[in-house]
S.K.: 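Once you've had a glance at the structure underneath, I'll fire off some questions.
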Amino acid sequence: MVTIATWNVNSVKARLPHLLDWLKQSQTDIVLIQECKCETDKFPAMEIEDLGYNLAIHGQKTYNGVAILSKFPLEDIQRGIPDFEDDQARYIEAVISINQQALRVASVYVPNGQSVDSDKFPYKLNFLHHLHQHAQTLLRYEEPLVLGGDYNVAPYELDVFDPKALDGTVCYHPQERALLRTMLHAGLYDAYRLKHPQARHYSWWDYRGGAYQNGEGLRIDHLLMSAQAIDRLSECHIDETTRKWEKPSDHAPVVATVSLT
DNA sequence: ATGGTAGGCTCCCTA
């Protein structure tokens with residue numbers, strides 16, 4: 001059994017104690033993290049390596065930044081979506097060898113978009129378009145594939161606390177939901193939703209307005225898997241433990257267990 | 001109620 005998680009940590013330096021504690025207690029094999037908010041050479045690599053992880057980092061100062069933590073060896077590291085010019089560090093991909101079997105993974109941080117009338121919103125749609133194009137390329141390999149990350153999109157009504165009020169706002173706008181659902185209809189499977197078809201469980205809660213205490217969240221962090229990976233999925237859950245800790249990330253980890261021999 | 005909180009970094013931007 002191999003466990004794989006995605007977690008937007010909102011600053012790897014500010015969240016290092018939480019990250020280390022969570023890694024120790026959860027013993028997750030592969031962790032895809034987003035919003036590291038630090039340059040590659042300033043990444044707290046030693047503390048994480050000391051817990052037995054290999055690292056692939058695509059860092060950036062102040063904003064963005066993604067990384068892959070893996071107890072198995074990492075190969076063929078790719079930074080950025082191929083054929084997509086982007087000065088923001090939002091995508092890193094690697095091949096993980098597990099008992100001579102290849103599992104391709106990526107840590108993805110889709111732009112938030114800020115608001116629908118912002119110029120960041122078309123950038124978000126363009127990013128999703130290129131992510132979809134690249135996913136199509138990867139799916140043609142017919143391998144176990146996990147594209148995990150903060151997608152900043154809640155695909156269905158069940159994924160937001162107030163679908164009527166939020167309809168048309170960023171993270172729940174028809175255009176971005178359509179783009180994410182295009183990926184889901186083109187051969188990628190949403191691991192959490194597959195295992196919990198009716199559950200209303202969120203992965204992100206705004207820091208503002210006591211959103212977590214009020215149960216006002218969105219399910220925007222996803223583990224999207226190819227058929228070859230989803231066929232081996234035995235379990236998937238959202239781990240709210242860390243969201244209850246002092247000074248938490250606004251996101252909770254999404255964790256899947258896959259049987260790879 | 002056009003706010004609220006958090007992180008990084010600079011007196012503001014992003015989420």
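Chain naming here is simple, since letters A, B, ... match the order of the sequence lines and numbering starts at 1 in each.
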S.K.: State which residues pass salt bridge (charged side-chain N to carboxylate O under 4.0 Å, His left out) with A:Arg181; sequence neighbours excluded, sorted by chain then number.
M.R.: none
S.K.: Quick test of your reading: applying ring pair (Phe, Tyr, Trp, His ring centres under 6.0 Å), list the pairs with at least one residue in residues 38-57 of chain A, sequence neighbours left out, ordered by first then second residue.
M.R.: none
S.K.: With ring pair (Phe, Tyr, Trp, His ring centres under 6.0 Å) as the rule and sequence neighbours excluded, what pairs involving residues 103-126 of chain A come up?
M.R.: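 Pairs touching residues 103-126 of chain A that pass the test: A:Phe121-A:His173.
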S.K.: Using the P atom as the reference point in each nucleotide, state the distance between B:dC9 and B:dT5 in Å, no decimals.
M.R.: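 Those two atoms are separated by 22 Å.
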S.K.: Are A:Arg177 and A:Tyr156 in a cation-pi setup, meaning NZ or CZ lies under 6.0 angstrom from the ring centre and within 45 degrees of the ring axis?
M.R.: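 No, A:Arg177 does not lie over the aromatic ring of A:Tyr156.
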S.K.: Any chance you could list the contact pattern along nucleotides 7-15 of chain B? Use B for base contacts, S for sugar-phosphate-only contacts and - for none, protein heavy atoms under 4.0 Å, 5' to 3'.
M.R.: SSS---BSB
S.K.: Rounding to the closest angstrom, what is the interatomic distance between B:dA15 and B:dG4 at atom C1'?
M.R.: 13 Å
S.K.: Could you pull out all residues at least two apart from A:Glu49 that satisfy salt bridge (charged side-chain N to carboxylate O under 4.0 Å, His left out)?
M.R.: none
S.K.: Could you give the CG-to-P distance, from A:Asn214 to B:dT5, as a whole number of Å?
M.R.: 13 Å
S.K.: I'd like the P distance from B:dC13 over to B:dG3, given in whole Å.
M.R.: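 To the nearest whole Å, 15 Å.
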S.K.: With ring pair (Phe, Tyr, Trp, His ring centres under 6.0 Å) as the rule and sequence neighbours excluded, what pairs involving residues 65-106 of chain A come up?
M.R.: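 Found A:Phe84-A:Phe127, A:Phe84-A:His130, A:Tyr91-A:His134.
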